[in-house]
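Scope of the values below: all heavy atoms of this structure, side chains included, with no hydrogens, waters or symmetry mates.
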Amino acid sequence: MKILILGGYGVFGGRLARLLADLPGIELLICGRNLDAATAFCAGYVGTPVLRPLRADRHHIAPLLQAHRPDLLVDASGPFQEYGERPYRVIEACIAARISYLDFADAADFVFGVAQFDAQAREAGVFVLSGVSSFPVLTAAVLRHMATRMTIVDVEGGIAPSPYAGIGLNVMRAVVGYAGAPVALRRNGAASHGRGLAESRRFTIAVPGKVPLRNLRFSLVDVPDLQVIPPEHPRLTDIWIGAGPVPEVLHRVLNLLAKARARFGLPSLVPLSRLFYTVLNLMTFGEHRGGMYVRASGVRDGVAVEQSWHLLAEGEDGPYIPSMAIEAVLRKLLAGERPADGARPATHALELADYEALFARRSIFTGVRCEDPQASLYAQLLGSAFAALPAQVQALHAASTARRWHGVAEVRRGRGLLSRLVGGLIGFPPAGVDVPVSVGFTPERGGERWTRDFAGRRFSSWQRRGQGGNAQLLVERFGIIDVALALVVDGDRLHLVARRWSCLGIPLPKTLLPGGRTFETERDGRFVFDVEIAAPVVGLIAGYRGSLVPGR
């Protein structure tokens, strides 16, 4: 199979080529206006496919198609919002040459308008799929899955790229271009519009059992979902899709500019796109993690319900997700599963299972959350991951009523002056082995009071569900100190990972955040705990490990 990738050395086209690196029997024509860049990309490529660099101009694409006769053209160039008076010239050329077509288009009007070529594509015996990317293909697949459990009324979604993902200049031009401009969407049951990047919401992407992303600010973006999703769900009254780029300070500057443009009728911000492109790609700090979410509310059996689907991508895997939709289509095509002829948005090109097969090969994790206010504290925070815990760990955390467990423990204490001082202030017990221990759990202000008794030496903490910046985290208070903890399931262990801390509500430096290995598991039918509390400079403050069984 010969595949022509227009913009093949760019951000999305280049990643697509790398995703196909294991496929034999294909030839990739890496095309763009800069032949030197195409040649350099091909020279540095590592993989099985045969690559050839070509100079290509989308305004004169027909002669190139006739000369090289690819089986498929993939348009990864963009920005699709700025294709001028004849935005579909590449599609028209492909249909005329009887060559099938896929694109990464993120422009809502462009993707929605592709259906006008349906009859021509059918007659030519080719398929034309537009918007073959995370938005709207992955969103649509998630919502179809959710629709099997409820009638969807309201949809909200967002994508949060890693600060290290990198963003192409064409993508930045597209984003800055609609900042402050009207964005067509559905609101309160009617066709309406919002203002691009001028309205924002906050959300925490938290795959059950994984360390969540920070609580992020998402701002409205002009993506195909806003127009192609509503027809698939007749009861849908509202849809809103945002992006959550970091650092937030730059994000907020763009918000202010978008609001100023909307309020005062200022001209397009496109002239600022190179400045934002440069600054955003220079400000690469923080965790190399990204994510995506889709939240839907609706009705099931006459009762209001809400579900949220979460995606977390670690390291270099996240930036490849937008290119995975075309990867999946191509792999299915090579396996003999050809899309039907015709031209249309790509909302039905893939199902969630197609994505999950690709995600399983990488550090990309997904999960669904169904809010249940009647569930216990840990069950709420862990969501579907709660069921993966060992039976005794579930038993200890499943109840919301007062209870007590008892057993035996070994206690270790730090020997330094500072560690002894901190440990004494908190009330940790002295070091010892075979120390009788009991833990009482008492409901308190929507959370739980844990009172630990080590041979008569008691200390307590208050655990609760985090809010705001600590959303989807367990917040534990020791005296005047709050520590926000992620609940992470790894095999048969529940790890508690410190993420941030504060004193009397004032955030404290993360560099001084206490940590240490802390987990719960089950052995020989008993609940087992292993807690280690250490801090930079201070060292070990206290550690205790042991086992518990339920008691009266």
Side-chain angles (χ1 to χ4, degrees), residues 4 6-7 12 58 61-62 65 71-144 147 152 155 157 174 178 182-187 190-193 221-236 239 241 322 325-326 328-330 332-333 337-351 354:
L4 187 154
L6 196 58
F12 294 115
R58 65 178 306 102
I61 196 70
L65 298 181
D71 299 289
L72 176 73
L73 183 145
V74 176
D75 191 348
S77 54
F80 292 83
Q81 291 88 343
E82 297 182 9
Y83 275 179
E85 295 181 357
R86 287 184 57 197
Y88 299 108
R89 67 174 73 239
V90 175
I91 290 176
E92 292 170 332
C94 284
I95 293 175
R98 299 182 182 274
I99 294 170
S100 290
Y101 167 97
L102 303 170
D103 70 39
F104 283 86
D106 58 351
D109 291 337
F110 182 95
V111 175
F112 193 69
V114 161
Q116 66 186 281
F117 298 99
D118 185 55
Q120 297 174 44
R122 289 175 185 271
E123 185 177 350
V126 298
F127 58 85
V128 174
L129 302 182
S130 185
V132 195
S133 192
S134 305
F135 294 140
V137 179
L138 182 49
T139 315
V142 170
L143 289 171
R144 279 196 298 275
I152 295 176
V155 169
Y178 61 70
V183 172
L185 45 71
R186 190 163 184 81
R187 185 169 282 168
S192 183
H193 72 271
V221 289
D222 184 18
V223 289
D225 311 57
L226 300 174
Q227 294 190 40
V228 301
I229 294 294
E232 295 197 5
H233 303 277
R235 296 278 299 277
L236 183 68
I239 183 168
I241 304 291
I326 291 183
V329 171
L330 292 178
K332 295 180 74 168
L333 187 60
E337 296 183 51
R338 187 180 187 276
D341 292 341
R344 57 196 176 275
T347 47
H348 284 265
L350 300 170
E351 297 300 333
D354 296 315

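Separation of atoms CZ (Phe12) and CG (Asp75) is listed at 12.5 Å; rounding is to 0.5 Å. In this structure, OH in Tyr101 is found 10.0 Å from CG in Leu129, a value given to the nearest 0.5 Å. A distance of 9.5 Å separates OG1 of Thr347 from CG of Asp225, quoted to the nearest 0.5 Å. A distance of 8.0 Å separates CG in Asp106 from OG in Ser133, rounded to the nearest 0.5 Å. Summarising the geometry, atom CD1 belonging to Ile152 is positioned 4.5 Å from atom CG belonging to Leu143; distances are rounded to the nearest 0.5 Å. Here Ser100 contributes atom OG and Arg338 contributes atom CZ; the two are 4.5 Å apart, rounded to the nearest 0.5 Å.
At distances below 3.5 Å, not a single donor-acceptor pair connects side-chain atoms of Asp222 with backbone N or O atoms of Val183. Side-chain atoms of Arg186 never come within 3.5 Å of backbone atoms of Pro230 as a donor-acceptor pair (strictly under, hydrogens ignored).
The closest side-chain heavy-atom distance from Asp109 to Gln227 is below 4.5 Å. In this structure, the side chains of Leu236 and Val155 come closer than 4.5 Å at one or more pairs of heavy atoms. Looking only at side-chain heavy atoms (C-beta outward), Phe135 and Val228 stay at 4.5 Å or farther from each other. Put simply, the side chain of Arg144 reaches to within 4.5 Å of the side chain of His348, judged on heavy atoms. Side-chain atoms of Leu102 and Val128, non-hydrogen and from C-beta on, never get closer than 4.5 Å to each other. Using a 4.5 Å cut-off on side-chain heavy atoms (C-beta onward), Arg344 and Val114 make no contact. In this structure, the side chains of Val221 and Ile241 come closer than 4.5 Å at one or more pairs of heavy atoms.
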Could you walk me through whether Leu65 and Cys94 pass side-chain contact (heavy atoms from CB on, under 4.5 Å), step by step?
CA-CA 8 Å; Leu65 298 181; Cys94 284; 4.2 Å; yes
List the steps, then state whether side-chain contact (heavy atoms from CB on, under 4.5 Å) holds for Leu72 with Leu4.
CA-CA 6 Å; Leu72 176 73; Leu4 187 154; over 6 Å; no
Residues Ile229, Leu226; criterion side-chain contact (heavy atoms from CB on, under 4.5 Å); working and verdict
CA-CA 6 Å; Ile229 294 294; Leu226 300 174; over 6 Å; no
Worked verdict on Ile326 versus Asp103 for side-chain contact (heavy atoms from CB on, under 4.5 Å)
CA-CA 8 Å; Ile326 291 183; Asp103 70 39; over 6 Å; no
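When every heavy atom of Leu350 is checked against every heavy atom of Ala141, the shortest pair comes out as O-CB, 3.9 Å. Between Gly131 and Pro136, the shortest heavy-atom distance links the atoms O-CD, 3.0 Å. For the residue pair Val111 and Pro345, the shortest heavy atom distance occurs at O-CG, 3.5 Å. Between Val137 and Ala346 the shortest heavy-atom distance is CG2-O, 3.4 Å. When all heavy atoms are compared, the tightest approach of Arg98 to Gly125 is NH1-N, 4.4 Å. The two residues His233 and Ala147 have their closest heavy-atom pair at CE1-CB, 4.0 Å.
A search for salt bridge (Lys or Arg N to Asp or Glu O under 4.0 Å) contacts involving Arg89 returns nothing, not counting sequence neighbours. Residues satisfying the ring pair (Phe, Tyr, Trp, His ring centres under 6.0 Å) criterion with Phe117, sequence neighbours excluded, are Tyr88. Arg187 meets the side-chain contact (heavy atoms from CB on, under 4.5 Å) test with Leu185, Ser192, Glu199, Asp238, Trp240; sequence neighbours excluded.
Remark: Asp354 engages Lys332 in a salt bridge, criterion side-chain N to carboxylate O under 4.0 Å.
In the displayed structure, Gln116 atom CD is contacted under 6.0 Å by more than 12 heavy atoms of other residues, nucleotides or ligands. Counting heavy-atom neighbours within 6.0 Å of Phe112 CZ, excluding the residue itself, gives a total of 12 or less.
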